[in-house]
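Every value quoted in this text rests on a predicted model; they were computed, and no experiment measured them.
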Amino acid sequence: MDHDKTGCQAPPEGPILCINNCGFFGSAATMNMCSKCHKDMMLKQEQAKLAASSIGNIMNSSSGSGNEPVVSANVNITVNTLEPKTTSEEPFLGSGLKENGEAKPKDGPKRCSSCNKRVGLTGFSCRCGNLFCAAHRYSDKHNCSFDYRSAERDAIAKANPVVKAEKLDKI
């Protein structure tokens with residue numbers, strides 16, 4: 001078929017490499033760049049426009065002349081993120097003392113409250129507030145002072161409030 005009669009152009013003879021020499025193939029739709037290079041170029045242009053408009057806004061607000069932002073075509077913006085240093089709210093007082101002069105409790109080895117056996121990470125906390133080993137973890141094994149019955153009654157009463165309808169007047 002003759003391309004001159006139909007007005008169509010002949011397809012290119014071979015694939016076109018990206019003009020940034022990245023090794024990928026480009027296309028005419030992306031200005032002979034690969035999709036990644038074209039995306040990076042568009043992103044840089046957007047950043048340059050935003051930076052120029054923000055600089056223009058700063059300049060316009062301080063001098064009050066002209067409303068047109070200054071646009072620069074090739075602006076390289078590098079953003080360095082700095083993490084703020086965190087400081088303790090409590091000043092260092094030394095020797096483990098708090099502001100009010102009380103000593104901090106030592107975080108020594110954790111021990112069972114009944115038999116004084118070292119439990120480490122495997123200790124069981126009871127609702128009475130003590131720590132116990134595997135042998136004394138149940139409330140009947142360590143003479144627990146926590147009142148489970150009243151705690152459960154309170155929880156049930158709180159979860160199920162009494163609903164009472166008003167009495168109807170007799171006709």
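- Across N20 and C37, no two heavy atoms sit closer than the pair ND2-CB, 3.3 Å.
- Here CE of M31 is found 3.0 Å from CE of M41. Values are rounded to the nearest 0.5 Å.
- For L131 against G123, the heavy-atom pair with the smallest separation is CD1-C, 3.7 Å.
- Of the inter-residue distances, the one linking C34 atom SG with I16 atom CD1 reads 13.0 Å to the nearest 0.5 angstrom.
- Remark: S114 OG to F132 CZ distance equals 4.5 Å, nearest 0.5 Å.
- The pair D40-K36 counts as a salt bridge, with a side-chain nitrogen and a carboxylate oxygen less than 4.0 angstrom apart.
- Listed by chain and residue number, nothing satisfies the side chain to side chain donor-acceptor pair (under 3.5 Å) test with N32 (two or more places apart in sequence, or in another chain).
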* Between L17 and F25, does a side-chain contact (heavy atoms from CB on, under 4.5 Å) hold up when you go through it step by step? -> CA-CA 4 Å; L17 288 175; F25 295 108; 3.6 Å; yes

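- A continuous path of ILVMFWY side-chain contacts below 4.5 Å connects M42 to M33, so both sit in one hydrophobic cluster.
- Checked against side chain to side chain contact (heavy atoms under 4.5 Å, CB included), D154 has no partners two or more places apart in sequence or in another chain.
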* Can you check side-chain contact (heavy atoms from CB on, under 4.5 Å) on S113 and H142, steps first, answer last? -> CA-CA 8 Å; S113 295; H142 68 264; over 6 Å; no

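- For A159 against P161, the heavy-atom pair with the smallest separation is O-CD, 3.4 Å.
- Counting non-hydrogen atoms of other residues, nucleotides and ligands closer than 6.0 Å to CZ of F146 gives a total above 12.
- Rounded to the nearest 0.5 Å, atoms OH (Y138) and SG (C126) are 12.0 Å apart.
- Atom-to-atom distance recorded for S145:OG and N130:CG is 7.0 Å, nearest 0.5 angstrom.
- Considering OG of S35 and NE2 of H38, their distance stands at 10.0 Å, rounded to 0.5 Å.
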